[in-house]
Engineer: 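Before anything else, here's the structure in question.
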Protein chains: 8
Amino acid sequence: MEGFINMRPKVAIIMGSTSDLPVMSEAENMLKSFGLRSEVKVLSAHRTPLATINYAVSARQKGIKVIIAGAGGAAHLAGVIAAHTILPVIGVPMTTTHLKGIDSLFSTVQMPSGVPVATMAIGKSGAKNAAILAAEVLALEDEKLHKKLLQFKKKLAASIKKKTKK
Amino acid sequence: MEGFINMRPKVAIIMGSTSDLPVMSEAENMLKSFGLRSEVKVLSAHRTPLATINYAVSARQKGIKVIIAGAGGAAHLAGVIAAHTILPVIGVPMTTTHLKGIDSLFSTVQMPSGVPVATMAIGKSGAKNAAILAAEVLALEDEKLHKKLLQFKKKLAASIKKKTKK
Amino acid sequence: MEGFINMRPKVAIIMGSTSDLPVMSEAENMLKSFGLRSEVKVLSAHRTPLATINYAVSARQKGIKVIIAGAGGAAHLAGVIAAHTILPVIGVPMTTTHLKGIDSLFSTVQMPSGVPVATMAIGKSGAKNAAILAAEVLALEDEKLHKKLLQFKKKLAASIKKKTKK
Amino acid sequence: MEGFINMRPKVAIIMGSTSDLPVMSEAENMLKSFGLRSEVKVLSAHRTPLATINYAVSARQKGIKVIIAGAGGAAHLAGVIAAHTILPVIGVPMTTTHLKGIDSLFSTVQMPSGVPVATMAIGKSGAKNAAILAAEVLALEDEKLHKKLLQFKKKLAASIKKKTKK
Amino acid sequence: MEGFINMRPKVAIIMGSTSDLPVMSEAENMLKSFGLRSEVKVLSAHRTPLATINYAVSARQKGIKVIIAGAGGAAHLAGVIAAHTILPVIGVPMTTTHLKGIDSLFSTVQMPSGVPVATMAIGKSGAKNAAILAAEVLALEDEKLHKKLLQFKKKLAASIKKKTKK
Amino acid sequence: MEGFINMRPKVAIIMGSTSDLPVMSEAENMLKSFGLRSEVKVLSAHRTPLATINYAVSARQKGIKVIIAGAGGAAHLAGVIAAHTILPVIGVPMTTTHLKGIDSLFSTVQMPSGVPVATMAIGKSGAKNAAILAAEVLALEDEKLHKKLLQFKKKLAASIKKKTKK
Amino acid sequence: MEGFINMRPKVAIIMGSTSDLPVMSEAENMLKSFGLRSEVKVLSAHRTPLATINYAVSARQKGIKVIIAGAGGAAHLAGVIAAHTILPVIGVPMTTTHLKGIDSLFSTVQMPSGVPVATMAIGKSGAKNAAILAAEVLALEDEKLHKKLLQFKKKLAASIKKKTKK
Amino acid sequence: MEGFINMRPKVAIIMGSTSDLPVMSEAENMLKSFGLRSEVKVLSAHRTPLATINYAVSARQKGIKVIIAGAGGAAHLAGVIAAHTILPVIGVPMTTTHLKGIDSLFSTVQMPSGVPVATMAIGKSGAKNAAILAAEVLALEDEKLHKKLLQFKKKLAASIKKKTKK
């Protein structure tokens with residue numbers, strides 16, 4: 001009945017604005033490549049604060065195990081989510097027009113003690129890695145996923161070796 | 001009965017941690033020097049998120065007109081408050097051990113459009129100026145306060161001129 | 001006679017250069033959406049210093065209640081205005097060719113104690129938010145404007161929720 | 001026999017230098033407060049590279065589920081560990097004499113896609129949060145730990161509320 | 001009658017706050033070492049704006065040829081002076097508690113085209129060099145001063161050579 | 001015979017690379033607008049060091065009174081010139097591909113005490129202002145140039161006022 | 001038999017990704033211009049860690065004398081190589097999409113004591129200079145190469161002088 | 001007669017100021033630990049420019065093979081040396097009072113193509129590593145030194161392993 005279980009996604013991908021979708025869909029695709037479904041939501045710490053909190057508070061009951069949150073500028077989304085849940089929260093700093101994401105990075109990573117946010121690199125690399133980290137967490141109790149990650153790592157190396165030969 | 005009215009403070013000073021008190025009390029003292037009482041609270045966007053939101057939502061009904069919020073690091077406090085009220089919110093970036101408050105500054109000032117935070121300088125100058133800005137806002141409809149601000153500005157200039165003579 | 005009263009703008013929008021107009025007109029448009037007229041001026045702290053000071057000194061008598069000032073680089077405009085008035089002054093740091101507005105941000109926000117500038121985010125988001133903050137200040141004594149701001153906040157949330165469904 | 005199982009630590013804390021111990025012991029203590037034992041090692045990506053790789057490669061077989069790595073400057077430790085394992089790796093950027101940890105932060109967080117490092121804040125806050133994140137990951141399959149984390153979060157809020165009253 | 005002429009100082013040293021005096025007195029002393037008197041004033045772009053402008057406007061008539069201005073944070077002093085005079089203006093960025101003078105540097109150096117400020121290094125080195133630059137300007141038409149500068153340069157080299165031998 | 005005197009340029013414009021010409025020609029044109037001729041040279045502190053030193057050492061004898069030097073990256077040109085002359089040296093930091101001129105700015109402005117470089121803003125504004133500063137220096141002993149500068153300042157203000165009306 | 005000896009390259013150029021090739025080929029071309037062959041490899045500290053270490057460990061036996069390593073972001077490549085060899089290692093920080101190579105620079109240059117990486121400028125200038133530095137090292141024991149470098153330096157100066165004349 | 005040959009130092013350590021000696025003596029001591037003598041000089045790119053150039057030009061004839069140069073602020077020393085020699089030049093950025101060595105780092109590392117400076121970390125780690133890099137270069141043709149470096153690397157690892165046990 002694995003198919004059925006899989007229908008309830010274990011990973012949530014939320015973002016502060018629809019303009020973050022091209023970046024955050026990298027996380028969605030990477031999760032798909034590991035056979036993991038995800039729930040994708042646009043929720044803003046500043047513009048829909050109550051909906052954001054509701055989501056954070058109820059995520060675990062819906063079966064979510066890891067929350068990936070992408071936001072830019074004074075990027076409070078991952079921090080607000082982390083304030084309302086004890087699920088692992090992964091933050092992806094979006095690039096910004098003027099400060100190129102350094103503002104997003106500081107706003108995401110410099111959390112006070114007590115409320116961790118697992119911060120990734122700025123932009124697309126960060127979104128992809130958020131998905132891989134989520135998979136690594138889930139793989140701790142999922143042997144099949146563990147093997148997929150091992151294969152992923154081998155392919156990563158192989159693709160680079162192939163390129164070298166050319 | 002002006003005294004009575006004054007007993008309900010129009011300015012709130014909130015901060016993310018008791019360790020911010022030495023800085024934020026500069027705001028309290030400056031307000032006092034204008035004859036303005038203030039309500040001082042420790043509320044954390046990350047550690048007491050619901051109490052913070054409750055405060056933001058109910059502040060106006062209690063007679064608060066301006067909210068000053070000081071926080072450091074991934075400083076989301078002013079932003080979270082601003083997300084839940086349409087009172088003017090003034091943010092004071094606290095200094096931090098490692099990044100010296102540049103993280104607090106970016107996290108406070110780089111708000112998305114729709115949710116303004118009136119950001120002050122890092123640290124004590126910022127706390128003092130937050131109080132003055134609050135007084136400037138209240139003085140728009142308070143002739144007595146307006147005169148106090150004019151006097152303050154004169155004293156500011158006078159104190160510098162005195163120093164020059166020495 | 002509300003219409004008549006409205007004909008004298010309560011908000012001034014000044015900027016250091018006509019090249020700042022595409023950014024600062026975001027503030028003008030946002031104010032219009034709240035039914036607020038504004039007075040728009042190009043005044044440079046460095047190139048028309050006396051006109052700038054005259055404007056700051058006489059703004060209150062003309063009925064101006066809040067001054068929004070946008071400038072870039074060694075952005076002294078908001079600070080110079082704030083030095084000559086006790087009206088609330090809102091600063092919008094313009095982006096710059098080389099330092100991307102970090103110079104404008106520091107020059108606007110790091111004001112000495114005694115002379116506050118309510119600093120917004122760099123660029124267009126900052127210009128929009130300057131207008132909203134101005135509206136928040138005016139709404140303290142204007143119930144109609146207060147309701148418009150509440151509606152604005154609801155629409156902000158609604159627009160994001162709509163996007164999520166798509 | 002839960003006690004017995006617990007004797008094999010599930011969390012590893014490694015650091016690049018013994019001088020990092022005062023910071024990283026914050027992680028160890030936080031884990032203890034959740035009843036979690038940890039394995040503490042000094043391993044340098046640059047000075048003991050082979051021992052570091054051996055540790056990364058063999059950690060899972062020893063029962064380690066999460067690896068916390070703290071390093072400063074050109075902080076490659078967490079990245080090197082992450083290159084050799086698919087366990088979740090949490091990076092703590094140490095402060096540095098000259099660049100105050102901004103070098104450590106960039107070296108830890110800006111990982112290429114394929115190799116995530118869950119980056120925490122610079123210094124002690126980051127070390128504590130690394131432990132909490134590790135606990136959050138383990139709590140996904142450990143109901144007792146889950147309850148401890150919920151209690152921790154309540155205490156966090158309570159301690160702030162208590163302080164406010166004083 | 002050269003002595004008499006010299007009694008009217010040709011260099012003004014102004015600063016935004018008396019707390020800048022320990023730094024700016026380095027400029028005064030350096031000028032003295034060249035036999036140049038200076039007029040030292042505390043004038044704030046933000047707190048005594050009119051006195052500052054008056055000084056700038058009338059400096060040339062008093063015989064001032066070069067103005068050295070030191071200020072910190074949103075350091076507008078040199079820029080404001082330069083806006084009101086066509087005498088050469090030399091800016092010295094003061095260090096600041098939080099941003100270590102990088103804010104002062106950007107606020108001083110990033111002037112818009114049309115209004116130059118000759119910016120020096122942050123702090124004491126900058127103050128000393130401001131004096132030397134002022135002397136270099138005056139030496140263009142003062143053969144005695146020219147020779148003093150040549151001697152200064154020789155001593156500079158000699159002092160380093162002496163140290164090397166030890 | 002003013003024309004004849006003018007044929008020997010009093011201002012030198014040197015730059016580290018021909019690629020700096022589009023920026024530095026702004027200085028040349030601005031000087032022309034004041035009726036000042038300039039000598040333009042490409043000289044590199046790193047690639048033609050001896051020619052650079054020769055130029056610095058002999059500039060005064062050729063009648064040069066002010067040297068403007070533009071360079072980018074590890075921008076040593078202005079500093080090297082200043083090491084070999086006691087003429088006033090004005091530095092223009094060029095923008096750079098990666099660090100956007102912040103490297104050029106630090107390399108130009110952070111000179112050790114004893115060897116001042118009058119540093120301008122990064123890029124074209126800086127080049128224009130270098131020319132204006134040079135004119136301000138020369139105007140100290142040139143009444144005609146002094147008047148041209150006064151006119152320039154008036155036009156600067158007028159052009160902004162005209163734009164405001166539109 | 002010089003030709004034969006030359007067939008075994010003395011310089012290795014490795015890079016973390018094929019996308020670095022357009023930059024790093026500048027090093028290859030520069031080496032060719034000195035008559036030096038090089039071995040070019042794509043090896044990633046994070047994605048092919050073992051192959052990278054193997055290369056570092058065995059490079060000397062293959063006749064390699066200097067290793068040039070280019071990488072971006074959390075750029076660990078040069079550091080990992082340096083951890084496994086005592087050949088001189090030259091690091092070239094690649095530019096990055098968001099932080100423009102400042103992350104690469106810090107990750108490459110801020111090495112702990114004991115493991116030096118000779119760091120070059122960000123991007124193409126750095127790649128070219130890496131090749132020249134490698135040639136300078138090899139020229140210590142190669143009189144022909146020494147002369148080529150002297151010629152290169154002369155041409156460098158000559159090309160600038162030519163441009164000046166135009 | 002190896003002893004005799006060794007009496008002529010192959011490594012030069014130069015620095016911009018005697019205040020750099022506590023940092024740069026780390027390089028001297030490290031070289032001694034490899035049995036390498038060094039020539040230590042205080043030479044300033046800005047204050048003793050001709051002596052600096054003379055040293056650079058004549059170093060090779062005196063038997064110097066590698067030049068280590070430490071300087072701070074607008075740190076031109078290593079660059080000036082590199083402009084006048086084709087010996088490998090290693091730059092050590094000194095920390096600075098205000099900008100903590102980031103100015104020194106940019107001024108040392110961002111060299112234009114054609115003139116490489118092998119840049120080390122800021123401060124003492126950088127000074128030590130400069131010595132090790134110099135030894136690595138000399139070890140290419142010195143089997144004894146090569147062995148000493150291998151031993152050094154082993155000790156480095158051993159000292160860390162010992163610490164771990166405690």
Engineer: Counting only heavy atoms not in A:K155 (residues, nucleotides, ligands), do more than 12 fall under 6.0 Å from its NZ?
Structural biologist: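 For A:K155, atom NZ is not crowded (no more than 12 foreign heavy atoms under 6.0 Å).
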Engineer: Tell me the closest heavy-atom pair linking A:A83 and B:P49, and the distance in Å.
Structural biologist: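 Here A:A83 and B:P49 meet closest at O-CG, 3.6 Å.
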Engineer: Heavy-atom distances under 4.5 Å only: say whether B:A45 touches chain A with side chain, backbone, both or neither.
Structural biologist: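 Looking at B:A45, just its backbone touches chain A.
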Engineer: What part of A:L105 lies closer than 4.5 angstrom to a heavy atom of chain B: side chain, backbone, both or neither?
Structural biologist: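 For A:L105, no heavy atom lies under 4.5 Å from chain B.
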Engineer: Just give me the residue among A:L99, A:V80, A:T108 that pairs up with chain B most often, heavy atom to heavy atom, under 4.5 Å.
Structural biologist: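 Heavy-atom pair counts peak at A:L99.
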Engineer: Ignoring hydrogens, what is the shortest heavy-atom contact between A:S107 and B:S107? Give both atom names and the distance.
Structural biologist: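 Closest approach of A:S107 to B:S107: OG-OG, 3.1 Å.
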Engineer: Above 12 or not: heavy atoms from other molecules or residues under 6.0 Å from CD of A:Q61?
Structural biologist: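 No, because the 6.0 Å sphere around CD of A:Q61 holds 12 heavy atoms or fewer from other groups.
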Engineer: Output the option from A:S113, A:A82, A:S104, A:G72 having the highest count of non-hydrogen pairs under 4.5 Å with chain B.
Structural biologist: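 Result: the option with the highest number of such pairs is A:S113.
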Engineer: Which one wins on heavy-atom pair count under 4.5 Å against chain A: B:G73, B:G79, B:G114?
Structural biologist: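 Max contact count across the listed options: B:G79.
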Engineer: Tell me, side chain or backbone of A:A71 under 4.5 Å from chain B's heavy atoms, or both, or neither?
Structural biologist: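 For A:A71, there is no contact with chain B at all, as no heavy atom is under 4.5 Å.
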Engineer: Looking at B:T48, B:L50, B:V109, which has the largest count of heavy-atom pairs under 4.5 Å with chain A?
Structural biologist: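 Among B:T48, B:L50, B:V109, the one with the most close pairs to chain A is B:L50.
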Engineer: In terms of heavy-atom contacts, does NZ of B:K147 have more than 12 from other residues, nucleotides or ligands at under 6.0 Å?
Structural biologist: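 No, the 6.0 Å shell around NZ holds no more than 12 heavy atoms from other groups.
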Engineer: Is there a side-chain contact between A:H76 and B:H46 (heavy atoms, below 4.5 Å)?
Structural biologist: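 Answer no - side chains too far apart.
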